[in-house]
Protein chains: 2
Amino acid sequence: MAHGTQTDAPVTLQRRQTRIQQKNVRLILDAALEVFSRHGFGGSTLEQIGKAAGLSTPNMLYYFPSKDAIHRELLFDLLDVWLDPLRTLDADGEPLDEILSYACRKLEMSRDLPRESRLFANEIIQGAPRIMDAIEGPLRELVDEKAAIILGWVEEGRIAPVNPWHLIFSIWSLTQHYADFEVQVRAILSGREDDPLIEAKRHITALLTRMLTLPDSARPQETVIPPRMTPDCWDGSSSLHNRR
Amino acid sequence: MAHGTQTDAPVTLQRRQTRIQQKNVRLILDAALEVFSRHGFGGSTLEQIGKAAGLSTPNMLYYFPSKDAIHRELLFDLLDVWLDPLRTLDADGEPLDEILSYACRKLEMSRDLPRESRLFANEIIQGAPRIMDAIEGPLRELVDEKAAIILGWVEEGRIAPVNPWHLIFSIWSLTQHYADFEVQVRAILSGREDDPLIEAKRHITALLTRMLTLPDSARPQETVIPPRMTPDCWDGSSSLHNRR
DNA sequence: ATAATGTTTGACCGTTTGGTCAGGAACACG
DNA sequence: CGTGTTCCTGACCAAACGGTCAAACATTAT
């Protein structure tokens with residue numbers, strides 16, 4: 001062996017995936033997500049992650065070169081998932097439906113991917129040291145693109161005037177709050193609401209609807225306004241399944 | 001000396017405050033707030049805090065018995081400040097004004113006390129291990145009390161129907177977002193808005209107003225509705241001064 | 001001045017941390 | 001079956017961690 005005794009670790013990309021590799025990498029990432037999302041990067045130890053994954057510390061370092069590498073992989077895997085709902089916001093759709101659907105999908109993610117939400121929150125709170133590039137680049141571009149669409153709707157008089165960027169921030173904060181601050185929400189609502197997320201959906205839908213619906217006087221009169229139906233995502237079933 | 005060589009450390013309560021004590025305790029707490037709020041408890045080290053405070057590690061431990069004690073003191077000092085705005089929500093006030101004022105004060109706090117906001121966020125994200133009692137007790141009671149007031153306003157037909165608890169969550173999330181996710185907000189808005197918080201105030205005010213204002217048909221007709229003025233907190237000056 | 005008190009430091013300690021490594025165990029495959 | 005590869009572990013390491021302590025240094029009051 002020319003360059004080291006230990007067989008070359010299966011680096012992130014060049015992966016001849018063995019079954020065992022697949023299983024353990026998944027185990028590690030899942031455990032790391034659990035631990036990192038609760039304690040932050042600095043507050044987490046490989047021992048904790050190993051315990052959660054059922055693997056020894058050196059064994060984990062056989063699959064990943066370092067603690068940092070695990071964290072980075074989690075974060076970059078997450079970025080795609082995280083921005084996906086916004087990508088689907090369609091300029092050709094009915095404005096209010098599009099925005100409500102988006103909020104709804106984000107709220108679903110708070111229900112189904114709370115750990116991912118907390119991981120992201122931790123990263124941003126700490127100043128986004130590892131994903132600032134992605135935020136200043138792709139994320140910003142995506143937001144600008146969709147904000148332009150919403151601005152177009154405003155100018156066409158199809159929704160009430162609103163700052164599109166801050167509208168997007170509002171949707172982010174309103175929805176992610178139920179994942180990131182879950183223990184607070186549950187502590188306050190315990191005994192009052194069994195599933196806060198159901199009521200949260202009603203609340204956020206109403207909030208956005210009232211905010212974006214034009215007053216009667218300004219509404220276009222061409223057609224009778226149909227009673228606004230909330231987009232029926234999440235009523236009964238969902239496609240996301242990542243709960244622990 | 002009966003119980004130890006080192007002079008009794010100035011424990012949190014029994015404080016014969018020397019000038020030096022006052023100065024250094026303040027220095028330590030301020031530095032600790034900076035560090036803890038960015039890296040979380042586990043991710044922070046006494047060395048970091050010491051560097052920020054300009055004090056050596058053992059010297060800090062002369063004023064506080066442990067890293068944990070510093071963190072606890074910060075957290076409990078914060079709790080009072082944090083809940084104060086909600087306490088001032090007045091059942092006898094004009095409903096919309098009261099709620100807008102509350103949101104406004106919370107937004108002010110995001111501007112003036114971002115580190116405190118992040119410290120709190122960190123604690124909740126991590127499952128509130130140190131302040132769960134305060135959340136299940138005093139916080140919950142305060143929220144219930146104020147939610148009852150809001151519910152009363154709804155039943156009197158003075159604001160549009162709304163779930164008061166989720167309304168409070170909404171205000172928390174909408175406002176704290178600008179402190180906790182500040183780097184993201186700035187990264188997205190940089191070059192577009194110099195001071196995001198100004199536009200944020202407009203946005204949140206409009207959002208809450210549209211959400212809580214009754215439709216024309218339902219509005220009580222006794223008096224002419226005066227043009228709604230936003231409560232003029234924060235327009236020009238503020239009482240909070242804790243920026244770094 | 002001087003004694004008593006309050007403050008700061010450098011050296012130190014035990015533990016935990018991320019990470020290495022040689023070698024053994026389990027596996028795949030001809 | 002045997003042999004090459006993949007996987008796993010126990011022992012180990014250096015650095016960093018929270019914290020202690022005796023002694024030196026300031027400060028204050030008398």
Side-chain angles (χ1 to χ4, degrees), chain A residues 1-12 14-29 31-32 35-36 38-74 130, chain B residues 1-12 14-29 31-32 35-36 38-74 130:
Chain A
M1 308 239 174
H3 46 301
T5 308
Q6 194 158 330
T7 312
D8 268 10
V11 187
T12 304
Q14 155 247 21
R15 261 190 191 151
R16 296 161 291 165
Q17 286 280 33
T18 316
R19 281 196 309 280
I20 302 180
Q21 263 176 54
Q22 277 186 31
K23 187 194 66 174
N24 283 350
V25 166
R26 203 156 36 81
L27 240 58
I28 293 169
L29 288 176
V35 176
F36 281 142
R38 272 265 178 254
H39 310 291
F41 178 78
S44 307
T45 72
L46 288 176
E47 203 191 351
Q48 286 177 288
I49 299 173
K51 203 168 203 173
L55 286 128
S56 70
T57 312
N59 196 13
M60 300 177 61
L61 292 168
Y62 169 71
Y63 293 100
F64 290 89
S66 68
K67 177 186 172 185
D68 208 87
I70 303 176
H71 189 250
R72 229 194 313 276
E73 176 142 344
L74 272 178
R130 299 154 210 273
Chain B
M1 310 235 170
H3 47 301
T5 307
Q6 194 157 333
T7 311
D8 267 11
V11 186
T12 304
Q14 158 246 19
R15 260 187 189 152
R16 293 162 293 166
Q17 286 282 32
T18 314
R19 280 197 309 279
I20 302 179
Q21 264 177 52
Q22 277 186 30
K23 185 194 67 176
N24 283 349
V25 166
R26 201 156 39 81
L27 239 57
I28 294 169
L29 287 176
V35 176
F36 281 143
R38 269 260 126 78
H39 310 292
F41 178 79
S44 306
T45 72
L46 288 176
E47 205 191 348
Q48 286 176 288
I49 298 172
K51 204 169 201 171
L55 276 79
S56 69
T57 312
N59 197 11
M60 300 175 62
L61 292 167
Y62 169 71
Y63 294 99
F64 290 89
S66 69
K67 177 185 172 186
D68 208 87
I70 302 176
H71 189 250
R72 228 195 313 277
E73 176 142 343
L74 272 178
R130 300 155 210 274

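Residue numbers start from 1 in every chain, and the chains themselves are labelled A, B, ... in the order their sequence lines are given, proteins ahead of strands.
Of the listed nucleotides (D/dT20, C/dT9, D/dT6), D/dT6 has the atom at the smallest distance from the side chain of A/Q21. With D/dC17, D/dC7, D/dG19 as the choices, the nucleotide that has an atom nearest any side-chain atom of B/L46 turns out to be D/dG19. Comparing D/dG19, C/dT8, D/dT9 by their closest approach to the side chain of B/Y63 singles out C/dT8. Listed nucleotides: D/dC8, D/dT9, C/dT8. Nearest to the side chain of A/P58: D/dT9. Distances were taken from every side-chain heavy atom of A/N24 (C-beta onward) to each of C/dT20, C/dG6, D/dC8; the shortest belongs to D/dC8. Among the nucleotides C/dT7, C/dT17, D/dC17, the one closest to the side chain of B/E47 is D/dC17. You'll find that the side chain of B/S56 is closest to C/dT9, out of C/dT9, D/dT9, D/dT6.
At distances below 3.5 Å, at least one donor-acceptor pair connects side-chain atoms of B/T45 with backbone N or O atoms of B/Q48.
Going from atom CD1 of B/I28 over to atom CG of B/L61 covers 8.5 Å, rounded to the nearest 0.5 Å.
OP1 or OP2 of C/dT9 lies within a sub-4.0 Å distance of a side-chain N or O belonging to B/N59. Applying the 4.0 Å criterion to OP1 and OP2 of C/dT7, one finds that B/T18 has a side-chain N or O inside that range.
For the pair A/L61 CG and C/dG18 C1', the interatomic distance rounds to 7 Å; values are reported in whole Å. Rounded to an integer number of Å, the gap from B/K23 NZ to C/dT8 C1' is 11 Å. The CD1 atom of A/I20 sits 7 Å away from the P atom of C/dC27 (whole-angstrom rounding). Between the CD1 atom of A/I70 and the P atom of C/dG19 there is a distance of 9 Å, rounded to whole Å. To the nearest angstrom, P of C/dA25 lies 19 Å from CG of A/L55. Remark: P of C/dA25 and OH of A/Y62 are 17 Å apart, rounded to the nearest angstrom. In this entry the distance linking CZ of B/F64 with P of C/dT7 reads 13 Å, nearest Å. Summarising the geometry, the separation between CD on B/Q22 and C1' on C/dG6 is reported as 15 Å, rounded to the nearest angstrom.
Heavy-atom nearest nucleotides on DNA chain D were determined for B/T45 and for A/R19, and the one closer to the 5' end corresponds to A/R19. Position along DNA chain D of the nearest nucleotide to A/M60 versus B/D68 favours A/M60 as the more 5'-ward residue.
Counting non-hydrogen atoms of neighbouring residues, nucleotides and ligands closer than 6.0 angstrom, the CD atom of A/Q22 exceeds 12 such neighbours.
Proximity of A/R130 to A/D68: side-chain heavy atoms (C-beta onward) are separated by under 4.5 Å at one or more points. Between A/F36 and A/L29 there is no side-chain heavy-atom pair separated by less than 4.5 Å.
Here A/S66 lies in heavy-atom contact (under 4.0 Å) with sugar-phosphate atoms only.
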